[in-house]
Amino acid sequence: MSPFIAGALILALAGCSSPPLAGPERDKTYAITVLHTNDHHGRFWKNRDGEYGMAARKTVVDAIRAEVALAGGHSLLLDGGDVNTGVPESDLQDAVPDFKGMNLLGYDAMAVGNHEFDKSPAVLAMQRQLARFPLLSANIYRQGERLFDGYKIFSLGGVRIAVMGLTTEDTQRLGNPENMQGLEFRSPILEAKKLVPELRDKADVVIAATHMGHYADGQHGNQAPGDVEMARAVPGIDLVVGGHTQNPACMRAENVLDTAYVPAGPCQPDRQNGAWIVQAHEWGKYVGRADFQYRNGEFKLVKYGLIPINLKMPDAAGNITVASSTYAAPITENAEMLALLMPYQDFGLQKLQVEVGRSDAKFEGDRFVVRKQPTNLGLLIGLAMIDKTRADFAVVNAGGIRDSLPAGVITYKDVLKVQPFGNTLVTLDLTGREVLDFLQVATRLGSGSGGFPHLAGVELITASGTILQARIRGEFVDPTKTYQMVINNFMAVGGDGYPKMAVHPSFVNTGFVDADVLRAYIAARSPLRVADFSPKLHLDAAPIQ
Ligand SMILES: [Zn+2]
């Protein structure tokens with residue numbers, strides 16, 4: 001039988017989960033390959049250096065699927081969620097190109113990620129309609145019913161494979177409450193505990209497609225538990241295809257993550273309580289490939305690897321350009337995928353020229369000004385960050401402000417000139433003591449440097465550069481109380497001289513892109529009056545000296 005006929009049979013069987021599917025034959029070895037991605041975040045198109053993109057991804061996926069089928073095996077293509085949010089060309093089109101691209105790639109299922117709730121329920125409904133594969137989540141409920149299918153059972157040559165979806169319960173905390181009204185995010189671990197025994201009855205293999213995060217050794221800090229914690233708590237899972245933490249889940253030793261993983265190098269996936277745990281970094285930078293053998297009830301991993309999708313080597317100075325060489329042999333882009341996506345890419349670029357709002361005067365972002373003194377643009381950006389995250393105060397590094405906003409019409413392109421890096425917002429819950437310490441470091445990041453801080457929501461009382469007190473929401477900071485701060489991910493890793501807050505236990509990368517947050521804030525308040533954003537209005541009688 002040709003591999004193409006075999007493929008058609010797989011699809012036909014997968015469509016019906018009742019009556020019970022026939023099981024695998026005794027003493028027969030089945031080759032099953034699971035391909036996986038996660039945290040796509042709007043990257044349907046390659047970046048300007050030619051890295052990743054769905055067209056090159058399709059070349060790789062097609063080649064593996066053909067190779068597996070020719071050898072008599074079967075394959076599944078799964079995603080760990082967060083298709084939405086990350087680049088304007090996708091965000092402006094509600095990730096339609098991304099879901100169409102996933103259809104053409106032939107995804108079999110995906111987990112629902114927290115960023116699937118960034119847009120309105122109507123957009124999510126449209127995306128579900130568009131997807132020719134199920135969005136799975138067993139632990140999201142509305143009025144006592146699951147909002148999505150909790151699982152789907154596939155029959156691959158007779159081996160019944162249950163794929164269960166799970167979503168981080170942090171979604172409720174991370175996202176916009178307006179888009180989640182009436183929804184209940186139950187504990188994915190408790191849900192899996194109930195569901196897995198049921199699936200073990202119906203299927204030969206149980207895979208969890210999750211969007212919960214991979215925390216090495218289960219060290220999840222004050223974020224919700226992730227894949228490691230779930231696998232330890234729930235027996236009977238063969239494989240976890242994860243997402244959310246956006247790391248390659250490659251281990252250096254048992255329970256120790258290889259934080260210096262180099263593309264094209266060997267990757268040892270995590271293993272907990274009999275379950276393999278895999279995650280393919282983010283943005284389609286890799287396609288993960290797990291080759292299994294199924295025989296008489298045993299599902300054995302025979303080979304694993306992360307295939308880099310045209311990722312490029314930085315030069316000695318850390319720069320990557322379109323001319324840089326790739327870590328592995330260059331991958332050509334699939335023509336059919338290019339033809340599908342090109343009109344969306346062009347339309348997205350055009351849409352960047354569209355007006356998002358207006359202003360009665362210029363917002364000051366000149367490099368030589370913003371690195372020396374607070375400006376209306378610094379305050380506008382900070383207030384937008386507070387508005388999006390509901391944090392108590394924001395600190396904006398001057399180095400992250402790259403241009404002014406013009407008087408009159410403001411386009412998305414203008415906003416992207418101000419914030420071109422695609423930085424994401426990070427929140428931290430700090431004690432008053434930690435707040436004062438952080439602000440003290442910030443105010444000492446010299447005038448003229450990229451570290452010069454723009455503040456919103458907090459007023460400082462200083463003497464000779466030393467902070468005597470700070471006020472948040474009109475009250476003096478209490479060293480023992482907790483306050484939420486919002487900064488960007490660049491600052492959080494120590495960029496521009498800031499304290500490295502990414503190691504703080506309360507660190508949360510919200511995934512919200514700075515320019516998109518600013519665009520939405522401007523659009524909602526347009527026309528803007530520059531006088532309303534005078535930083536002086538927000539400073540104490542004894543401002544920063
Ligand atoms: Zn996520």
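Read the numbers this way: they start at 1 and go in the same order the structure lists the ligands and their atoms.
A 4.5 Å side-chain heavy-atom check between L379 and H454 finds every atom pair outside the cut-off.
The minimum heavy-atom distance between T431 and Y483, with the atom names listed, is C-CD1, 4.4 Å.
Among residue pairs with one or both ends in residues 205-274, those qualifying as disulfide (SG to SG under 2.5 Å) are C250-C267; sequence neighbours excluded.
Each of L156, T33, V205 was compared with L76 under the side-chain contact (heavy atoms from CB on, under 4.5 Å) criterion, and only L156 meets it.
Aromatic ring centres of F154 and H74: separated by at least 6.0 Å.
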Worked verdict on F117 versus F185 for ring-ring contact (aromatic ring centres under 6.0 Å, His included): CA-CA 12 Å; F117 297 91; F185 292 79; 5.5 Å; yes

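Counting only protein N, O or S atoms closer than 2.8 Å to the Zn ion (ligand 1) gives 4.
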